[in-house]
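These notes concern the structure reproduced below.
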Amino acid sequence: MLCCWIASMISMNWSINGEFKDPKAGLLGDSGSKMWFKCWDEISKYSFKIHHQYYQYIGSKRVGKSWWRKLLFSWVIGWTLASIWIFCCMSSQATEKRKEMLASMCDERARMLQDQFNVSMNHIQALSILISTFHHGKYPSAIDQRTFARYTERTAFERPLTSGVAYAVRVLHSEREQFERQQGWTIKRMDTLEQNPVHKDDYHPDFLEPSPIQEEYAPVIFAQDSVSHVVSIDEDRENVLRARKSGKGVLTAPFRLLKTNRLGVILTFAVYKRDLPSNAGHNERIQATDGYLGGVFDIESLVEKLLQQLASKQTILVNVLDTTNQSYPISMYGSNASNDGLEHVSHLNFGDPFRKHEMRCRFKQKPPWPWLAITTSIGILVIALLVGHIFHATVNRIAKVEDDCHKMMELKKQAEAADVAKSQFLATVSHEIRTPMNGVLGMLDMLMDTDLDVTQLDYVRTAQASGKALVALINEVLDQAKIESGKLELEEVQFDLRAILDDVLSLFSGKSQDKGVELAVYISDRVPDMLIGDPGRFRQIITNLMGNSIKFTEKGHILVTVHLVEEVIDSIEVETESSSKNTLSGFPVADRRQSWKGFRTFSQEGSMHPFSDSINLIVSVEDTGVGIPPEAQSRVFTPFMQVGPSISRTHGGTGIGLSISKCLVGLMKGEIGFVSIPKIGSTFTFTAIFTSGCSSSKEYKSQQINCQSNTVSSEFHGMRALVMDPRPVRAKVSKYHIQRLGIHVEVVSDWKQGLSSISRANNAIHMVLIEQEVWERDLKSSGLFMEKIGPASPPKVFLLSNSINFSRGNTTPGAYDLTVISKPLRASMLAASLQRAMGIGNKGNPCNGELPSLSLRNLLLGRKILIVDDNNVNLKVAAGALKKYGADVVSATRGIKAIELLTPPHHFDACFMDIQMPEMDGFEATRRIRDVEQNISNHIKFGEISVDDYNNVSNWHVPILAMTADVIQATHEECLRCGMDGYVSKPFEAEQLYREVSRFFH
């Protein structure tokens, strides 16, 4: 059968006309194994020779049969020899494995016996120290026989290998008479019992003979009940002398124990005086010996107990021997009956270097037949006959896989084309929707700069807010689409975390004041000032979480806290500061610790910082809102899912904010979780990994405009402020914001403490900030406080108010000179309020939204700027926005016109170019402009044209900023590739516009 298969396989390589076919064509393809091809080529050549010789004999049956018979015989002999070789190897491996198993089992038992012996030895040594301390070290002794017996009996579990312990005191011959008189009995000898063993019931200590005269004695004064028959250890004098000379435990040779007649040993420790130095010599140890503590070990029972603990105790035989005398080893446990020739020896170390012990192990039964080797060697022969069939099936399978691979490649190309089409669709939809919205919002913004009455201004603001809400919704939908397609990428820029949270506070301050909900942010001092990451996406997460909190909270507070992860793990204060009795508003809150309960960051602390400069932040947003029902908590992060239909009707929203936030947190290598209790509130917590921006050598462009300059901080540097607030969390938040201005802050909880702090001569207070709750709770005490702070240079008093109606008046009614600071507190707002009230610094210091506008006017005033856009509405909006800041604007509707205007020489300072225009888009126009500029610059460089003819500019490069209405990362990358210097999103925003133009204009 095998011969027929080989012949058929060889014949398959020949066509009808005798031409040889290459088997590689349909076997493994280009990705096949070169080694296999080489072997196949050799087989093909050999088969060709065989057929050539066969057909030369004109089909001679005798020659053919002889040849195939030899081939078959060689095949059988070869695989038979191979099978025998495999059988021998596997049998040898089985024997080695059996040896290794015996060694492992023997070493395990030896190790367990040695470990348990060491445990008992350590406890006996500890007991010797106890006797030295409480018997010899105290007078009168704190130990007697009854106490010793009860103590050793109760602590016997600590010495699992000992049958009992006894203590013998060292008595010199000159002290014998006095000792016997004190004890009331005579020192006995026990050596006669070794020659005449007695039964347990026949033994009585009173029948023993008195000890003969010796230089010193060792009578037992304390003994465990199990060894109470031991009255002296004089007979073990050799080991006693070794024990007190070495200071270590010593073992006796195996001997038959009294009463049980079983083999055992005694471990003896010398008990020394307490003042013996650690480096004492032999003579000093002998002189300082007070007695000897001995532990009796029943070796046979102990080894038997040890073996019973192991499941495989019946498979091997164990012998324990004392091999101190190698010529005559003493068997301590086991028998020599075994039918297996294998034996393994494991050495035992019982702490006495003088005594040598071994454990010898053997299998009980002979090794079984090597059935695995037998079946394997026989199976090899069977497998050899099946190789042909397997080879044929493999060839067919590989051919099918190649066909499937080609189909998969085609499908892959189609999927990639569909993905490109989807990305292009997103870009187009984003542009087409945001372009008209740019016109609407731009025109509304320009309309607000005209003379409008109150009603008209309210209408315009309402329309503008609705338009911005629509743009935000479009952005969320596009973000969700980018997340699903895996196109969302994060930036890596430097930003100020505190400035971002101040901006978010400003965004929600109006809503929180209208509702009477207290809004606050606290950032730990350990969080660096500058971080490297994506500030826009971080702001988006915070805005989504705080927006939900504002939406569902009608009373109480919303608190945002930022800490380092390791700070939360290490600090008990951080973990417990949000307890129900200590919150920002006094309302109970959900325990924030439950929101991060399942975070991997807290269970794998070693992987918390993948890089040395990584900053792992944990951010919590805590509110006292309506909470989330338990049945709805499982779908909180599901896209387009809300708690219930009533929520959508009451509060609005699309239900994708939290889903996007979760994906953004994942991109920041963090985790997000929450805890919510109905009618109590919710706490959302997430972690994010950034890079410290304080010591980085890389250059990053700044993404934030921070109104709190160093000048403002220096104006308050060295001042002292007093904050009066009975709530620790709220006081901590106020202290955080005031300290950001460089002011030293002291916190008190009531009027009495406040007056005491102000009256101290060495503590000059420049300002007092009083919580509105403290002021309104006791108006009489408030008045007394204002009268007692002193008429001579009193500190400036401020009232921290969360109510919008209370703060609009700026000062409180009455005769007191109070300045109201409305919450939420931000660094810029707080600095401006303090400057105006205290008459220092720039009293007209702008707020968050004013600085970009003023700076833009300084940057753009008199600049000649070209705007290119095919949409007339967008041209009007962009031109109006730039003219608002003093720029000289020229408009163009086509890319070709932009090339003509920007061909050097020209007087344009910058160009804003739309990227999607008919005939020629912004990308192509920019490429051509850059080519023209490069060509002219090269001619000037090589002196081919005069620089005087080109306004004395030798290197032409006008800043070109893309005006894009889509938010696809690929579009931004294409802008940079074609030569653009940046991009601004539609509709224009002052802060983004300032950020881009400030890189070119100074």
Measure the shortest side-chain to side-chain distance between [X] and [Y] over non-hydrogen atoms and say whether it is less than 4.5 angstrom.
X	Y	answer
Leu497	Val562	yes
Ser822	Gln513	yes
Thr561	Val619	no
Phe538	Leu664	no
Glu518	Ile558	no
Leu769	Val745	no
Leu559	Arg592	yes
Gln772	Leu800	no

State, to 0.1 Å, how close [X] and [Y] come at their nearest heavy-atom pair, and which atoms those are.
X	Y	answer
Met786	Trp775	CG-CH2, 3.8 Å
Ser620	Thr685	OG-OG1, 2.9 Å
Thr683	Ser595	O-CB, 3.6 Å
Trp751	Val774	CZ2-O, 3.6 Å
Ala520	Val733	CB-CG1, 3.8 Å
Thr819	Ala837	OG1-CB, 3.9 Å

Check your understanding: Quick one: do the Arg727 and Thr583 side chains pair a donor with an acceptor below 3.5 Å?
Key ->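 No, because no side-chain N or O of Arg727 sits under 3.5 Å from a partner of the opposite role on Thr583.
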Review point. Do you see a donor-acceptor pair shorter than 3.5 Å between the side chains of Glu622 and His557?
Key: yes
Identify whether the distance between the nearest side-chain nitrogen and carboxylate oxygen of [X] and [Y] falls below 4.0 Å.
X	Y	result
Arg740	Asp502	yes
Arg593	Asp591	yes
Arg777	Glu771	no
Arg537	Glu491	no

Distance, nearest 0.5 Å, that separates [atom1] of [X] from [atom2] of [Y]:
X	Y	atom1	atom2	value
Met546	Arg539	CE	CZ	12.0 Å
Lys823	Leu830	NZ	CG	11.5 Å
Gln494	Leu531	CD	CG	9.0 Å
Asp496	Met530	CG	CE	5.0 Å
Phe785	Met724	CZ	CE	4.0 Å
Ser506	Arg826	OG	CZ	4.0 Å

Ignoring hydrogens and angles, tell me if any N or O in the side chain of [X] forms a donor-acceptor pair with the backbone of [Y] under 3.5 Å.
X	Y	answer
Gln540	Gly536	no
Thr624	Lys555	yes
Lys515	Ile550	yes

Study note, to complete from the structure: side chain to side chain contact (heavy atoms under 4.5 Å, CB included) test vs Met668 passes for just one of Ile689, Leu490, Leu617, namely Leu490
**Study point:** Passing candidate, side chain to side chain contact (heavy atoms under 4.5 Å, CB included) with Phe674, options Val621, Val636, Leu658, Leu545
**Key:** Val636
Practice item. Assess whether side chain to side chain contact (heavy atoms under 4.5 Å, CB included) is satisfied between His766 and Phe716, documenting all intermediate values. Key: CA-CA 10 Å; His766 300 87; Phe716 299 102; over 6 Å; no
Check your understanding: Can we call the ring centroids of Phe495 and Phe690 under 6.0 Å apart?
Key -> yes
**Study point:** Derivation and outcome, side chain to side chain contact (heavy atoms under 4.5 Å, CB included), residues Met829 and Leu505
**Key:** CA-CA 11 Å; Met829 178 274 299; Leu505 281 180; over 6 Å; no
Check your understanding: Of the options Glu746, Lys752, Arg720, which is the one that meets Ser757 in a side chain to side chain donor-acceptor pair (under 3.5 Å)?
Key ->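 When Glu746, Lys752, Arg720 are each tested with Ser757, the side chain to side chain donor-acceptor pair (under 3.5 Å) holds only for Glu746.
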Point to revise | Arg526 CZ: over 12 foreign heavy atoms closer than 6.0 Å | key: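 Result for CZ/Arg526: enclosed.
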Check your understanding: For Lys796, does the NZ atom have more than 12 heavy-atom neighbours from other residues, nucleotides or ligands under 6.0 Å away?
Key -> yes
Practice item. Check the pair Leu470 / Met437 against side chain to side chain contact (heavy atoms under 4.5 Å, CB included), numbers first and verdict last. Key: CA-CA 9 Å; Leu470 179 57; Met437 285 305 304; 3.6 Å; yes
Practice item. Assess whether side chain to side chain contact (heavy atoms under 4.5 Å, CB included) is satisfied between Leu818 and Phe798, documenting all intermediate values. Key: CA-CA 6 Å; Leu818 297 180; Phe798 299 87; over 6 Å; no
